[in-house]
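These values consider heavy atoms only, across backbone and side chains, with no hydrogens, waters or symmetry-generated copies. Read the numbers this way: they start at 1 and go in the same order the structure lists the ligands and their atoms. Along the sequence shown, the residues carry numbers beginning at 1.
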Amino acid sequence: MGKGRTDVAQNVRYKRSRQRDSILELLRGTGRHPTADWIYQRLKGEFPQLSMGTVYRNLNILIEQGLVRKIDFGSTFDRFDANVGPHYHFICEKCGSISDLPLEVDPVLNDRVNRDTEFRARRHRIEFYGLCGGCRSLSES
Ligand SMILES: [Zn+2]
Ligand SMILES: [Zn+2]
C-alpha cells in the first residue's frame with residue numbers, strides 16, 4: 001500500500017448512503033436532540049428496509065466522521081446532536097425537551113479549574129434545568 005491510500009480506504013469503507021444522508025439531514029433540521037428510535041420512526045416510511053440496527057450503525061459512522069455527537073444525559077436513551085461545536089444545553093424538567101442554548105461557552109471556567117486546582121481541563125459541559133418556553137407559558141396562563 002502506497003502513500004495517500006488512507007483516504008481512499010476511508011471512502012470505500014464509508015460509501016455514501018442515502019439512509020445516512022437522510023439521518024444527518026434529519027438531525028441537522030431538528031433542535032430536539034432525538035433518540036435513535038425517534039430517527040427510526042421518522043425514516044422507516046421512506047426506507048422500508050431500515051432497522052434500528054442500521055440507524056445505530058449509520059449514527060456511529062457519522063460520529064466517527066465528526067458530523068454527529070452522542071450525548072449522554074444520564075437518561076435511559078442516548079441522544080444525538082448534529083451541532084458538534086461547543087454549546088450548552090437546557091433541559092426542561094416538565095416536558096423533558098433538550099435545547100441548545102444561545103449562550104457563548106465560557107473559556108474562563110476551564111482557566112479557573114487549571115489555575116485553582118491540580119486538574120487540567122480541556123473542555124466542560126453544562127446543562128441548565130428548569131422550564132422551557134412552552135411549559136413556562138402553560139404554567140403562567
Ligand atoms: Zn418543557
Ligand atoms: Zn446540542
Side-chain angles (χ1 to χ4, degrees), residues 1 3-141:
M1 255 218 252
K3 267 189 246 159
R5 270 318 196 88
T6 329
D7 286 345
V8 177
Q10 287 258 335
N11 287 339
V12 170
R13 216 166 120 219
Y14 298 134
K15 246 190 311 168
R16 275 192 76 167
S17 93
R18 244 175 27 88
Q19 290 182 3
R20 192 155 62 249
D21 286 350
S22 298
I23 290 175
L24 185 60
E25 203 180 306
L26 189 63
L27 270 174
R28 285 187 169 156
T30 178
R32 41 181 298 157
H33 304 84
T35 60
D37 186 59
W38 186 88
I39 295 168
Y40 171 67
Q41 298 300 335
R42 298 282 134 150
L43 293 180
K44 68 177 181 190
E46 193 182 338
F47 301 103
Q49 327 91 308
L50 195 71
S51 68
M52 278 297 281
T54 37
V55 170
Y56 267 112
R57 200 167 59 238
N58 282 308
L59 281 168
N60 283 329
I61 292 173
L62 290 168
I63 290 168
E64 210 176 306
Q65 291 174 326
L67 298 170
V68 166
R69 215 161 44 159
K70 179 156 79 176
I71 11 178
D72 168 21
F73 286 112
S75 55
T76 334
F77 302 105
D78 291 328
R79 302 289 204 124
F80 297 90
D81 196 349
N83 181 355
V84 290
H87 62 281
Y88 297 141
H89 289 112
F90 192 97
I91 298 168
C92 179
E93 290 174 315
K94 196 148 185 202
C95 70
S97 68
I98 300 170
S99 315
D100 289 347
L101 275 181
L103 274 189
E104 250 179 83
V105 168
D106 187 358
V108 172
L109 282 179
N110 295 346
D111 296 343
R112 273 170 55 194
V113 170
N114 295 343
R115 192 190 59 209
D116 299 344
T117 77
E118 62 176 307
F119 302 100
R120 289 297 165 264
R122 283 184 291 112
R123 59 190 184 91
H124 65 271
R125 211 176 94 168
I126 296 181
E127 279 102 47
F128 296 84
Y129 292 85
L131 288 180
C132 72
C135 292
R136 225 187 63 199
S137 48
L138 275 181
S139 68
E140 277 167 5
S141 61

Short side-chain donor-acceptor distance under 3.5 Å, Asp100 and His33: yes
Go around the Zn ion (ligand 2) and count every protein N, O or S atom nearer than 2.8 Å. 5
Treating Thr117 as the side-chain partner and Asn114 as the backbone partner, does any N or O pair qualify as donor plus acceptor under 3.5 Å? no
Looking only at atom types and distance, does a side-chain atom of Thr30 sit under 3.5 Å from a main-chain N or O of Leu27, one as donor and one as acceptor? no
Could you tell me the separation between the CG atom of Asn58 and the OG atom of Ser22, rounded to the nearest 0.5 Å? 9.5 Å
side-chain contact (heavy atoms from CB on, under 4.5 Å) evaluation trace for Ser99 with Cys132: CA-CA 9 Å; Ser99 315; Cys132 72; 5.5 Å; no
Atoms of the protein (N/O/S only) found under 2.8 Å from the Zn ion (ligand 1): Cys92 SG, Cys95 SG, Cys132 SG, Cys135 SG
For atom CZ of Arg112, is the number of surrounding heavy atoms from other residues, nucleotides or ligands below 6.0 Å larger than 12? no
Step through the shown structure and confirm whether more than 12 heavy atoms of other residues, nucleotides or ligands are within 6.0 Å of CZ on Arg122. no
For the pair His124 and Tyr88, name the ring-plane relationship: parallel under 30°, tilted 30 to 60°, perpendicular over 60°. tilted
Quick one: NZ on Lys70 to CG on Asp81, what's the gap to the nearest 0.5 Å? 13.5 Å
